[in-house]
Amino acid sequence: MSEREGQTSYDVHAVEAKWLPVWERLDPFRASDDAVVSGEREKRYALTMFPYPSGDLHMGHAEVFALHDVIARYWRFRGYEVLNPMGWDSFGLPAENAAIRNDEHPATYTYANIDTQFHSMKRYATSVDWSRRLHTSDPEYYRWTQWLFLKLREQGMAYRKNSPVNWCPRDQTVLANEQVLADGTCERCGAEVTKRELTQWFFRTTAYAQELYDCLDDLQDSWIGKVVNAQRSWIGRSEGAHVTFDVDGHDPITVFTTRPDTLFGTTFMVVAVDAKLAEELVTDEQRAEFETYRDEIRKASDIDRLATDRPKTGVFLGVHATNPLTGERIPVWATDYVLADYGTGAVMGVPGGDQRDWEFATTMDLPIVRTTEPPADWDGEAFNGEGPAINSPADGVTSALDINGLSVAEAKAATIAHLESIGHGEGTVNFRLRDWLLSRQRYWGAPIPVIHCPVDGEVPVPEDQLPVELPELRGADLKPKGTSPLGAAEEWVNVTCPTCGGPAKRDTDTMDTFVDSSWYFFRYLSPHDDTQAFDSALAEAWGPIDLYIGGDEHAVLHLLYARFFTKVLRDAGLITWDEPFAAYLSQGKVINNGRKMSKSLGNGVDLGAQLDEFGVDAVRLTLVFASPPEDNIDWADMSPAGSLRFLQRAWRLSGDVESAPGADPAAGDAALRKVTHRTVREAEQLVEAYRFNVVVARTMELVNATRKAIDSGPGGADPAVREAAEVVARLLSLVAPYTAEEMWERLGHEPSVASASWPEVDESLLVEDTVTCVVQVQGKVRATLEVSPDATDEQLTELALAEPNVQRAIDGAEVRRVIVRAPKLVNVVV
RNA sequence: GCCGGGAUGGCGGAAUCGGCAGACGCGAUGGUCUCAAAAACCAUUGUCCGAAAGGGCGUGCGGGUUCAAGUCCCGCUCCCGGCACCA
């Protein structure tokens, strides 16, 4: 037992109990608005996605909070004023479903869980400013959610329309497109989503499609790539043209195409069978056949319709359109392979250039004309690759436009120019993104603050009457019945119209909970302000968020909505910046034994049990050290016990330091000092690059080096050992605050280590007096030399060739060339 | 099908300026201490040949560029994620 006080370990739980009240008293993480507004200190806004209060915190929370705290604490050390707030996304279905099961109010479940999570978070000891705590289900919060809804409505960004919408039969509510997974199931509960024709509220996200897309370029480097990619795909920008076809006995039809250059190969037109347009076009002779086909398609589920390998089907509508370039008449068909709600719901059929059109043409026996010359060895069907334009115009047809021989890009440009000149089309951009459906037919959300009056129509609730508080409903009253439970609260529903004073009814839908979370990061700036949603001056001072960390499940949903809100608020004049999250990092999942943790698999790992067994610090350390932040962590591969061993080893250093606090490190062992200062510099670079796992590795190396210095080097009395131990305490505090605090105290300092200053790097100690020079022969390492960092090429060559091992490798051959990269490398070529 | 990311020891992962592959940790093996165990500490740990010195091979596969390739280029395989009858 080399340790001075005879202790080889500390009691994890005693240490937790000891420091929590001290930190409570010191409150070192409170963010000062004044320091930032006055410009006294530079700001950093660190944000992690706030939790939904279902039960207690789990391993996933533990990971994201631990990762997030590294950067937040680091920024604080570096002298920034750090805003690190926390709250709860506390509206939502799990609470409502629990309330129905237990015949209680959703608030009971919600606030009990918040309380549980709050205490777990306190124990978890992240550097949060708790004075800014908020819950989205508080009337003080949703009052401003409602205010923002009205603001968006004022901006023309919230509107009501009747349309086919996604309906989840299990949750008994409509869903946004973003909440329906690729396989047609509900993102929340997994039920198969169906369609309903309903009048619903939408946010006009499509108005910002272009900007939401373009700004991704600026985020490319500071956001994790897969999320930028996901958003790009979701917004789905495609460049092309609108082309207008005259139709016999009908208004002209406009189609969207990305390949206007293939217009000469258009041999038919196809309209989505479920679009209104199809119904308008169909002739009386064809109507019966059309309706039979349409009804058949309507019966098929979305799942079936999504399959891409089904044979092409369709019905001729009896009308003809005219190709604007050639005057040729082409038949108009209805089909289910054209989508009613993308583009114009109608497509020009170019079988030579589009595989789907090829299959349709083959099935329906329609002509096929190629417009791009395929390569000589082409043995496919439709060809949509690069090649010279052909058949413009085809034999026997005339056109004012001839693009033969042009490349695809040239042919597109020429065709668009021509269409514009004859008034039959224009270059345009189309997006896949749809407007955000925000109404929900459920109870536990923010009521939509609108009154429907038979005289005045849609009337916004006057600002001074906000919030529109939820009526007291509980248990069975909340049972989903396909319409909003709020409709049953008659006293609440029936109101007088704010405009005419006559009888009117409240809107009975509540808002999607993603509305609540689209602006919470603004509310953190002034969470107790009862005069406004947020303070624009504070938004100016603190925004945008410098680093946001969260899960991939929100790669599209929440991040897209928050970006949209930010842009609308900017255009409403409330803020000046364009994007809410300057940098985004996604955390991987914590899994167990190769599988997602789940009740049915019985492989869940209980966070509380892990904390009880290994302590907060060891669990945090394990999660941070496991892998780069964005990778998944398989808990079965991890060793929290090993983490605890390391923490004890680090802690023991603080008991072996024999010099007094303030001892001058300059007098200490130079070798250890070099390691210490190099470690600090590397840690700075690594934290800033979010490579937190490597920061831990470097800290471990410093602990090892310090241990060696104590046991078999200059000994515990050397001031360099104190310097090293004090650096370890501060590096460790990024991940293991309890252990670090305990070390800091044993080293003779006042708490809190979090308020200590960051170790200053002595640049002179980063200069090595010798470096290892690798000597290769034919690229293979044959020897290493310890040389001065300013050794010359000539010196190195001479030393290298003098090595017996090098001579043996050369084996008498003629040295043809010696490559020297002084002072690190010599390569002898024979 | 299109777009993005990845593949490194028994395991998690280091090495992103083209310059010692496997840092750090886990696990394993042997040892010290102990009545014993735990903890702690010491040693070994990519693989093959060799008693050793030393050498061969080695970053998913096949080519290439280079004095030098995990890293750059070309062509594949597989895995993960996003989008998908989106015209």
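In what follows, chains carry the letters A, B, and so on, assigned in the order in which the sequence lines appear, proteins first and then strands, with residues in each chain numbered from 1.
- The side chain of A:Asn693 places an N or O atom within less than 4.0 Å of a non-bridging phosphate oxygen (OP1 or OP2) of B:rA14.
- Look at A:Arg678 and A:Glu768 and you find a salt bridge, because one of the NZ, NE, NH1 or NH2 atoms lies within 4.0 Å of a carboxylate O, short of that distance.
- Here the separation of B:rC11 from B:rU16, taken at their P atoms, is 23 Å to the nearest Å.
- Remark: A:Asn805 is in phosphate contact with B:rG55, judged by side-chain N or O atoms under 4.0 Å from OP1 or OP2.
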Please report, to 0.1 Å, the donor-acceptor pairs under 3.5 Å made by any side chain of residues 694-703 of chain A, with sequence neighbours excluded.
from, atom 1, to, atom 2, distance (Å)
A:Arg698, NE, A:Glu682, OE1, 2.8
A:Arg698, NH1, A:Glu701, OE1, 2.7
A:Thr699, OG1, A:Val695, O, 2.8

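- Side-chain atoms of A:Arg652 lie closest to B:rA40 of the nucleotides B:rA87, B:rC85, B:rA40.
- Minimum heavy-atom separation, A:Cys773 to A:Pro823: CB-O, 3.2 Å.
- The pairing partner recorded for B:rG1 is B:rC83, the criterion being a Watson-Crick or G-U wobble arrangement whose two distances lie under 3.5 angstrom.
- Side chains of A:Tyr10 and A:Thr739: a donor on one and an acceptor on the other come within 3.5 Å.
- Checking the phosphate oxygens (OP1, OP2) of B:rA87, a side-chain nitrogen or oxygen of A:Ser238 falls inside 4.0 Å.
- Taking only side-chain nitrogens and oxygens, A:Lys780 never comes nearer than 4.0 Å to OP1 or OP2 of B:rG19.
- B:rA23 sits 16 Å from B:rU8 when the P atoms are compared, rounded to a whole Å.
- Rounded to whole Å, the separation between the C1' atoms of B:rC80 and B:rA53 comes to 47 Å.
- When the P atom is used for both B:rG18 and B:rG70, the distance is 13 Å, rounded to whole Å.
- Within the 4.0 angstrom heavy-atom criterion, no nucleotide atom of any strand lies near A:Met348.
- Under 3.5 Å, the side chain of A:Lys226 and the base of B:rC80 form no donor-acceptor pair of N or O atoms.
- OP1 or OP2 of B:rA87 has at least one side-chain nitrogen or oxygen of A:Tyr342 nearer than 4.0 Å.
- In terms of phosphate contacts, A:Arg782 brings no side-chain nitrogen or oxygen within less than 4.0 Å of OP1 or OP2 of B:rC20.
- Between A:Phe256 and A:His242, the ring planes are perpendicular. Angles over 60° get that label, and only those under 30° would be called parallel.
- Within the structure, a side-chain polar atom (N or O) of A:Arg645 is placed less than 4.0 Å from OP1 or OP2 of B:rC26.
- Across B:rG13 and B:rG60, the matching P atoms stand 15 Å from one another, rounded to whole Å.
- Ring geometry, A:Tyr561 versus A:Trp436: the interplanar angle falls under 30°, so the pair is classed parallel (tilted spans 30 to 60°).
- Among the protein residues, A:Asp637 comes within range of the sugar-phosphate backbone only, with heavy atoms under 4.0 Å from sugar or phosphate atoms but none that close to a base.
- Side-chain N/O atoms of A:Gln231 and base N/O atoms of B:rG82 include no donor-acceptor pair closer than 3.5 Å.
- The gap from the P atom of B:rC79 to that of B:rC26 amounts to 33 Å, rounded to the nearest Å.
- If you check every strand for non-hydrogen atoms under 4.0 Å, A:Ala230 touches sugar and phosphate atoms only.
- Counting any heavy atom pair closer than 4.0 Å across all strands shown, A:Arg649 reaches sugar-phosphate atoms only and no base atom.
- Separation of the P atoms belonging to B:rA69 and B:rG58 is 11 Å when rounded to the nearest angstrom.
- Remark: A:Arg821 is not in phosphate contact with B:rG19, judged by side-chain N or O atoms under 4.0 Å from OP1 or OP2.
- Annotation: B:rG5 and B:rG75 have their P atoms spaced 16 Å apart (nearest Å).
- Taking side-chain N and O atoms only, A:Asn632 has no distance below 4.0 Å to OP1 or OP2 of B:rG81.
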